Amino acid sequence: MIKLKEVALCLRAVNYSDTSQVVTLLTREHGKIAAIAKGARRPKSAFDGAIEPFAYGQVMVMISESHDTLSTLTEFVQSGRFRSLRSNLAAMHAGLFALELTEASFEQSDPHPTLFDALVDMLDRLGQYDKMQAVLPVLIDYQLTLLDEAGVAPRLDACTNCGAPTGSGGKDLYFSSAANGLLCGGCEQAFTEKRRLSPACCAMLNRRAAFTAAPPALLTEAEQLLVYHFTELMHRPPKMAKYFVTRANAMS
Amino acid sequence: MNPAYTQSLNKLIEQFGNLPGIGPKTAERLAFHILKAEPQEALALAEAIRDVKTNIHQCRVCFNLAESEVCGICADTRREHNVICVVEQPKDVISLEKTGLCRWVYHVLNGHIAPLEGVEPDDLTIDALVKRIRAGGVTEVVMATNPNLEGDGTSLYIHSLLRNMDVKVTRLARGLPTGSAIEFSAASILQDAILGRTPF
């Protein structure tokens with residue numbers, strides 16, 4: 001057994017029995033870890049109470065060297081860093097969406113320190129907002145970072161098939177998950193799996209600094225595109241997507 | 001299935017074993033207790049189980065457990081019908097009533113919103129709650145969902161629906177339990193207590 005002491009963020013927690021939980025943690029240096037937290041739901045436990053998504057703090061985990069069995073969480077000093085997410089519905093949903101996508105995108109023990117920092121930063125930023133319009137740019141920014149870290153960042157500056165620049169002309173562009181990026185007018189007919197993308201939305205996605213000032217309609221279109229892309233990558237719609245996109249539509 | 005026992009006994013052991021917290025040995029012990037008990041005693045248990053399953057249904061107004069169309073709490077005219085306490089399950093009503101402090105009426109959601117587990121607002125009795133408030137006469141809604149992520153999310157969602165209605169929305173206080181010690185309290189409990197402090 002390897003004893004690991006690190007800062008971690010809880011991505012998912014499932015009740016295992018009356019008192020125990022199985023938790024999925026994201027650590028900075030060791031990536032995703034699934035562990036059993038025995039007695040976590042008892043009033044007095046070594047975990048500062050039950051462990052829930054967004055729980056953040058110092059953990060002690062016993063990891064099996066063979067990596068084929070569930071690890072054991074022995075300590076979790078929760079800091080309560082993201083407690084403000086619990087008082088705002090839009091921020092809570094965006095945060096849960098980010099956790100769901102992060103969990104689905106990586107295997108266990110595949111560390112991505114940049115992504116860990118980006119997720120923690122994103123949750124900090126979400127806690128400052130209470131409106132969907134302010135929450136959406138933060139979520140989109142994180143989703144692009146996630147795709148980048150997972151090695152599937154879509155090409156958005158030129159046609160991914162022929163390499164032709166797509167930035168001018170004002171005509172609608174196409175996006176294909178199978179091609180992993182934009183398709184120009186000449187190439188799109190060769191792809192059955194694709195969706196339309198406005199040039200304005202494409203331009204916004206290429207300039208992350210412009211997210212916060214972007215109009216709601218463009219943010220909604222970008223989020224719908226990313227939901228489409230994640231759905232294709234995961235071979236199923238993310239569970240939070242339906243609920244989230246409905247609210248984004250209402251905003252625009 | 002134990003071949004040494006009869007078919008009926010094995011069936012009874014199996015049924016007891018399906019109950020929460022009952023393992024095979026306890027199931028066996030309970031089955032033998034029934035076997036040895038007086039016929040009236042054993043049949044009274046069977047009858048009680050049958051009555052529970054046939055007589056109890058949801059209250060038409062609040063979705064609490066009831067044996068008639070409307071539960072005893074909703075039918076009680078001495079209650080404060082202008083205050084509705086929103087809870088996740090009937091067991092929460094029982095816990096709150098045990099305090100002896102509640103004069104309000106209830107609304108049972110029959111769960112909480114959990115998008116990651118596929119539980120959506122439409123799966124709960126939220127629409128009925130909103131209709132009840134729209135019908136008028138309600139001045140306060142007390143959110144008594146569990147103090148966890150799903151419970152808080154459910155309360156926030158209901159609050160967002162009630163935002164434009166002329167009704168005060170409150171929620172149960174949270175923080176240090178009476179009789180505990182600060183030294184041994186979890187950080188999350190202390191944070192709740194600090195942020196939710198009230199005038200002395």
Side-chain angles (χ1 to χ4, degrees), chain A residues 10-15 17-19 21 24 40-58 76-93 95-97 99-101 103-104 130-132 237-244 246-247 250, chain B residues 19-23 91 111-124 126 143 145-164 169-196:
Chain A
C10 176
L11 300 177
R12 190 161 179 251
V14 178
N15 292 340
S17 65
D18 285 348
T19 56
Q21 292 179 290
T24 306
R41 298 173 71 205
R42 288 203 179 99
K44 285 183 182 176
S45 71
F47 311 107
D48 281 345
I51 301 166
E52 295 187 286
F54 303 130
Y56 176 86
Q58 192 81 32
F76 195 162
V77 183
Q78 298 188 40
S79 73
R81 181 167 174 174
F82 305 118
R83 61 174 300 120
S84 57
L85 293 175
R86 300 173 72 126
S87 54
N88 181 308
L89 198 60
M92 184 193 282
H93 284 159
L96 285 172
F97 198 2
L99 298 190
E100 183 194 0
L101 295 176
E103 198 205 347
D130 61 350
K131 294 276 189 302
M132 183 58 90
K239 288 174 184 167
M240 287 301 296
K242 184 175 72 174
Y243 195 71
F244 200 82
T246 308
R247 286 172 64 96
Chain B
L19 297 175
I22 305 285
K91 280 196 283 187
H112 52 230
I113 301 169
L116 293 176
E117 291 160 28
V119 185
E120 305 277 335
D122 291 347
D123 299 322
L124 310 180
I126 294 174
M143 294 295 179
T145 52
N146 287 325
N148 51 34
L149 196 66
E150 290 88 0
D152 286 346
T154 306
S155 286
L156 284 171
Y157 178 77
I158 294 170
H159 182 238
S160 71
L161 298 179
L162 305 181
R163 197 169 286 154
N164 297 325
V169 182
T170 59
R171 74 169 189 185
L172 296 185
R174 49 181 73 176
L176 290 166
T178 305
S180 67
I182 289 174
E183 182 187 357
F184 301 114
S185 297
S188 58
I189 291 172
L190 284 174
Q191 284 171 345
D192 279 333
I194 292 163
L195 293 172

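Small disclaimer: the values here were computed from a predicted structure and weren't measured. Each chain gets a letter, A, B and so on, in the order the sequences are listed, and its residues count up from 1.
Contact of B:Pro121 with chain A is made through the side chain alone, with heavy-atom distances under 4.5 Å. In this structure, chain B has a heavy atom under 4.5 Å from the backbone of A:Ser87, while its side chain stays farther away. Heavy atoms closer than 4.5 Å to chain B are found in the backbone of A:Asn88, but not in its side chain. Contacts between B:Ile189 and chain A at a heavy-atom distance below 4.5 Å are absent for every atom of the residue. In this structure, the portions of A:Pro53 lying under 4.5 Å from any heavy atom of chain B include both its backbone and its side chain. Contact of A:Phe47 with chain B is not made at all, since no heavy-atom distance falls under 4.5 Å. Interface remark: A:Arg83 contributes side-chain atoms only to the contact with chain B (heavy atom separation under 4.5 Å).
No more than 12 heavy atoms of other residues, nucleotides or ligands lie within 6.0 Å of CZ in A:Arg12, so this atom counts as exposed by the packing criterion. Counting heavy atoms of neighbouring residues, nucleotides and ligands inside a 6.0 Å radius, atom CZ of A:Arg42 does not exceed 12 of them. The 12-atom threshold is exceeded at CG of B:Leu19, counting heavy atoms of other residues, nucleotides or ligands nearer than 6.0 Å.
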Please assess A:Glu52 against B:Glu150 for the test side-chain contact (heavy atoms from CB on, under 4.5 Å), listing each intermediate value before the final yes or no.
CA-CA 9 Å; A:Glu52 295 187 286; B:Glu150 290 88 0; 4.1 Å; yes

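Side-chain contact between A:Leu96 and B:Leu149 is present, with heavy atoms from C-beta onward closer than 4.5 Å. Two residues are said to be in side-chain contact when any heavy atoms from C-beta on lie closer than 4.5 Å; B:Leu156 and A:Met92 meet this criterion.
B:Gly153 and A:Leu89 make their closest contact through O-CD1, 3.6 Å (heavy atoms, listed as atom of the first residue, atom of the second, distance).
Comparing B:Gly118, B:Pro115, B:Ser185, B:Pro20 by how many heavy-atom pairs each has under 4.5 Å with chain A, the most go to B:Pro115. Listed options A:Arg86, A:Lys239, A:Glu100, A:Gln78 were ranked by heavy-atom pairs under 4.5 angstrom with chain B; first place goes to A:Arg86.
For the pair B:Gln191 (side chain) and A:Ser79 (backbone), a donor-acceptor distance under 3.5 Å is present.
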